[in-house]
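Here's the structure we're looking at; comments come further down.
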2 protein chains.
Amino acid sequence: MALRHAVLAALLDGEYSGYQLAKAFDIGVANFWHALPQQLYAELAKLEKDGLVAGRQVVQETRPTKRLFHVTEAGRAELEAFAAAAAKPSFIRDDLLVKVQAADRVGTGPVIGQLEERATAADAKIELLGVLLRQLRGEADEEEFLLRGERIGPYLTCLRGLAFEREHRDWCRRIAAVLRERQKINAQG
Amino acid sequence: MALRHAVLAALLDGEYSGYQLAKAFDIGVANFWHALPQQLYAELAKLEKDGLVAGRQVVQETRPTKRLFHVTEAGRAELEAFAAAAAKPSFIRDDLLVKVQAADRVGTGPVIGQLEERATAADAKIELLGVLLRQLRGEADEEEFLLRGERIGPYLTCLRGLAFEREHRDWCRRIAAVLRERQKINAQG
DNA sequence: TACTGATACTCAAGAAAATGACTAGTCAGT
DNA sequence: ACTGACTAGTCATTTTCTTGAGTATCAGTA
């Protein structure tokens, strides 16, 4: 029971359809919780069955009918209990790091390429997060917003995401450079 | 097929028993791949069945008999192919971030406590990684080691882990401070 | 006019991971 | 003599995740 709370937390900011939720996960929530759309639909169904979210049908003229969900009182209570309980240790899984761990025992060429791709992707994500953060805080500067803003939760997690992406990008570029240098040295020696 | 390659990569540095592998995962590999001991035993059994690792029994006098595993040629080839294939996007999951996302909609008291615990745990991890890195690079300084060292894979992933833990610690402390400040302001207002 | 891409989902099969309990001997300290 | 921690695993069950496919409509583009 874990995705459950991530969905509830994401849904705190208003009504979302499963589809919209999947988008929100891609941008914001993905900074701390990865999930595929199918999982979200399944989880929403379970949450509704358990009365933690409620949905309402919205018929649209030009688009398929959708169902918008919001968190119920029971859902809020569930989140409250979750927040008070001990957190599990965080965890990461990253293929690319597995490859780097194996570096200098397997061919590094493709790994260097992947590190550079990742760095580029991180650049894009950093820009995206920058835009998102500016939107979230509106006119206020950050300090002011963090102290007086109404809804800072998503802002705080995006800040974490931004820091993560920056570190990740820098690491990828540095490691790619190191591996390239080593290739040169080995070619010479 | 994912844990599989993490195990192979971890096993590149010598022979390990399942138990030792579990330790190695806790310290180094956990920086990019989280797995429980039971999973490792199960994965080792599968890898052996598939001929990607081979084990040998070691009878000990004072300790239970153990089985030490090493990567076979087929295992190395498997890793090689893995390194060349496209990497999946990394993913993170963190309960604590879910709680922060929900912050200012649920009680923040316990969350502040957990942020501080995390920061303290991160401090310990940072120290541990510092020691590990010093061990790995021996006498050489970092630049020199990265360019000429024989085996830099684990060093590189530990560097990533270190950067991650630092960022995480700083973020936790900052967010804890922000949430505390907001509690004060709300108490006054 | 055909094609692409976005919206808005659903279903099912199979792989992978998490959980909890269990065995069994050693060693250090109270 | 007892306790708790460490070594070194195994087993079974359940939960969760991934993969891949399928449905349907509409808007914009070439």
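Per chain, numbering begins at 1; letters A, B, ... match sequence-line order.
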For B:Glu144 and B:Arg137, what are the C-alpha separation, side-chain angles and deciding distance, and is it a side-chain contact (heavy atoms from CB on, under 4.5 Å)? CA-CA 9 Å; B:Glu144 185 58 21; B:Arg137 74 172 173 264; over 6 Å; no
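Residue A:Arg4 is out of contact with every strand shown, counting any heavy-atom pair closer than 4.0 Å.
Considering only residues two or more places apart in sequence or on other chains, A:Phe145 meets the ring-ring contact (aromatic ring centres under 6.0 Å, His included) condition with A:Tyr155. In this structure, A:Tyr19 has no ring-ring contact (aromatic ring centres under 6.0 Å, His included) partners at least two apart in sequence or on a different chain. With sequence neighbours left out, the ring-ring contact (aromatic ring centres under 6.0 Å, His included) criterion links A:Tyr16 to no other residue. Taking the side-chain hydrogen bond (donor to acceptor under 3.5 Å, both in side chains) definition, one finds that B:Gln183 meets it with B:Thr108, sequence neighbours left out. In this view, A:Lys88 and B:Asp95 satisfy the side chain to side chain contact (heavy atoms under 4.5 Å, CB included) rule, not counting sequence neighbours.
Applying a 4.0 Å cut-off to non-hydrogen atoms, the residues of residues 42-71 of chain A that approach DNA chain C are A:Gln60, A:Arg63, A:Pro64, A:Thr65, A:Lys66, A:Arg67, listed by residue number. Heavy-atom distances under 4.0 Å link DNA chain D to no residue of residues 76-91 of chain A. Near DNA chain C, defined here as any heavy-atom distance below 4.0 Å, the residues from residues 5-38 of chain A are A:Ser17, A:Gly18, A:Tyr19, A:Lys23, A:Gln38, listed numerically.
In this structure a side-chain-to-backbone donor-acceptor pair under 3.5 Å is missing from A:Arg173 to A:His168.
Sorted by first and then second residue, the ring pair (Phe, Tyr, Trp, His ring centres under 6.0 Å) pairs with a member in residues 78-128 of chain B read A:His34-B:Phe91, B:His5-B:Phe82; sequence neighbours excluded. For residues 58-76 of chain B, the set of pairs meeting the salt bridge (charged side-chain N to carboxylate O under 4.0 Å, His left out) definition, not counting sequence neighbours, comprises B:Glu48-B:Arg67, B:Glu73-B:Arg76.
In this structure, A:Phe164 belongs to a hydrophobic cluster whose other members, linked by side-chain heavy atoms under 4.5 Å apart, are A:Ile92, B:Ile92, B:Phe164.
A 4.0 Å heavy-atom criterion places the boundary nucleotides of DNA chain C facing chain B at C:dA16 to C:dC27, written 5' to 3'.
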